[in-house]
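Below is one structure; the comments refer to it alone.
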Amino acid sequence: MSNYQYIFTEIDDAVGKIILNRPEVLNALNRPMITELVNALETFNKNENIKVILLTANGRSFAAGADIKEMKEDDPIYLEKLDQFAEWDRMSLIKKPIIAAVQGYAVGGGFELVLSCDIVFAAENAKFGFPEVNLGVMPGAGGTVKLTKTIGPRKALEWLWTGEYFDAKKAYEYGLVNRVLPVEVLFDEAMAFAKKVATQPPLSIRLIKDTVTKAVDLSTYESMQYERKNFYLLFATDDQKEGMQAFVEKRQPIFKGK
Ligand code: CAA
């Protein structure tokens, strides 16, 4: 357990779990909550014993977006000076896998949070979308960009302009979530998956995330050059020696993250 006001953190073996905890407002993401979330992510990122981070939420919904009551009187100069999305940028620097388990609404900033995670398990009752247009604004934490890169501009515009929500099945069809599960098994399945990834060689996991992330932004040529360097780099690890030796000796490898 941890000293946060709007989230909880727990450690289960090599999995660091972060639980959004403002269920009375469907985990609306006020600014202190984002600060806590980023601090918790960075703390787990630095902890050598944690291999994977699992992000979940208390209550009937994952997160219903930024806290509208907190921001409704904001003006542009205040927002520019506040630079609140710099906190979101810090999330993109987390090297360890982040797995999200999503139930109920994950909309607005809540959906942006989902799009900031590496793997997403969704409950059958999950609903995604960007309702910002209904408030006279638009997503500001990367939503338009990440949605467009995943599903293409036409589909993205449809959802961004209408502000309508789509269900987990549609999200799966669009490649926005990895699995759709009954809500009763969502958290256990997400934890089981997190634990499975946590047994893999950590430096491979880290550099695979790094390379896949770069592949989204760089050209094919540049990302293949980048991939090659990371491939070579892994030959400096004990885990590469152990993994290949174990294969030759027909035994299970013991990875140490070195
Ligand atoms: N901000 C502040 N409070 C919120 C909230 C939000 N984003 N979403 C829900 N709440 C509060 C409600 O005001 C309500 O509080 P009270 O009981 O005090 O009235 C409580 O949470 C429960 O919500 P509802 O009664 O509305 O629940 P519902 O099941 O009827 O509806 C919902 C669920 C459709 C998600 C609805 O709550 C809703 O439309 N929420 C707002 C969604 C939204 O517009 N999000 C985008 C925010 S802007 C953004 O995220 C910008 C960005 O890029 C960062």
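For ligands, and for the atoms within them, numbers begin at 1 and follow the listed sequence.
For atom 10 (N) of ligand 1, a protein heavy-atom neighbour is present inside the 4.0 Å cut-off. Put simply, atom 36 (C) of ligand 1 has no protein non-hydrogen atoms near it, under 4.0 Å away. For atom 27 (O) of ligand 1, the protein comes within 4.0 Å by at least one heavy atom. At least one protein heavy atom sits closer than 4.0 Å to atom 51 (C) of ligand 1. For atom 17 (O) of ligand 1, no protein heavy-atom neighbour is found at a distance under 4.0 Å.
E10 places no side-chain N or O within 3.5 Å of a backbone atom of I18 that could act as its donor or acceptor partner. Using modelled atom types, no side-chain atom of D12 and backbone atom of V15 make a donor-acceptor pair closer than 3.5 Å. No side-chain donor-acceptor contact under 3.5 Å links R22 to the backbone of Y6. A donor-acceptor contact shorter than 3.5 Å is absent between the side chain of Q240 and the backbone of S204. Between the side chain of K96 and the backbone N or O of F44, at least one donor-acceptor pair lies under 3.5 Å.
An N or O contact shorter than 3.5 Å is missing between G108 and ligand 1 by distance. When only interatomic distances are considered, the shortest N/O to N/O separation between P139 and ligand 1 does not fall below 3.5 Å. Checked by distance only, ligand 1 and V107 stay at 3.5 Å or farther apart across all their nitrogen or oxygen atoms.
Ranking the protein heavy atoms by distance from atom 8 (N) of ligand 1 puts A64 CB, 3.4 Å first. Annotation: atom 1 (N) of ligand 1 to nearest protein heavy atom, I68 N, 2.9 Å. When hydrogens are left out, the protein atom nearest atom 21 (O) of ligand 1 is V25 CA, 3.1 Å; that is the closest non-hydrogen contact. The nearest protein atom to atom 23 (O) of ligand 1, hydrogens excluded, is given as L26 CD1, 3.7 Å; this is a heavy-atom distance. For atom 38 (C) of ligand 1, the closest non-hydrogen atom on the protein side is Y165 OH, 4.6 Å.
For ligand 1 and G109, the ligand atoms under 4.0 Å from any heavy atom of the residue are 49 (C), 50 (O). Near A66, the atoms of ligand 1 lying under 4.0 angstrom from a non-hydrogen atom of the residue are 1 (N), 6 (C), 7 (N), 47 (C), 49 (C), 50 (O), 51 (C), 54 (C). Taking every heavy atom of L135 and a limit of under 4.0 angstrom, the matching atoms of ligand 1 come to 44 (O), 47 (C), 48 (S). Those atoms of ligand 1 that come under 4.0 Å of a heavy atom in E112, given as number and element, are 52 (C), 53 (O), 54 (C). The distance from ligand 1 to the heavy atoms of A28 drops below 4.0 Å at these ligand atoms: 1 (N), 2 (C), 5 (C), 6 (C).
In this model, no donor atom of one side chain and acceptor atom of the other lie less than 3.5 Å apart for Y172 and N178.
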Throw together a table of side-chain donor-acceptor distances under 3.5 angstrom for residues 138-148, partners on residues two or more places apart or in other chains.
residue	atom	partner	partner atom	Å
K146	NZ	S116	OG	3.4
T148	OG1	T144	O	2.5

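Aromatic ring orientation, W159 versus F166: tilted (interplanar angle from 30° to 60°).
By heavy-atom distance, the residue among M71, K69, M138, R22 lying nearest atom 12 (C) of ligand 1 is K69. The heavy atom nearest to atom 43 (C) of ligand 1, considering only G65, G142, A63, P131, is found in P131. The option from E24, R60, E132 that lies nearest to atom 25 (O) of ligand 1, judged by heavy atoms, is R60.
If you look at V137 next to ligand 1, there are no close heavy atoms at all, none under 4.0 Å.
By the 6.0 Å and 45° rule, K127 does not stack over the aromatic ring of Y165.
A continuous path of ILVMFWY side-chain contacts below 4.5 Å connects V114 to L160, so both sit in one hydrophobic cluster. No path of Ile, Leu, Val, Met, Phe, Trp and Tyr side chains, each step under 4.5 Å between heavy atoms, connects L26 with F62, placing them in separate hydrophobic clusters.
Note on residues 222-242: pairs passing salt bridge (charged side-chain N to carboxylate O under 4.0 Å, His left out), not counting sequence neighbours, are E242-R251.
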Check the pair S61 / Q103 against side chain to side chain donor-acceptor pair (under 3.5 Å), numbers first and verdict last.
CA-CA 5 Å; S61 280; Q103 81 281 20; over 6 Å; no
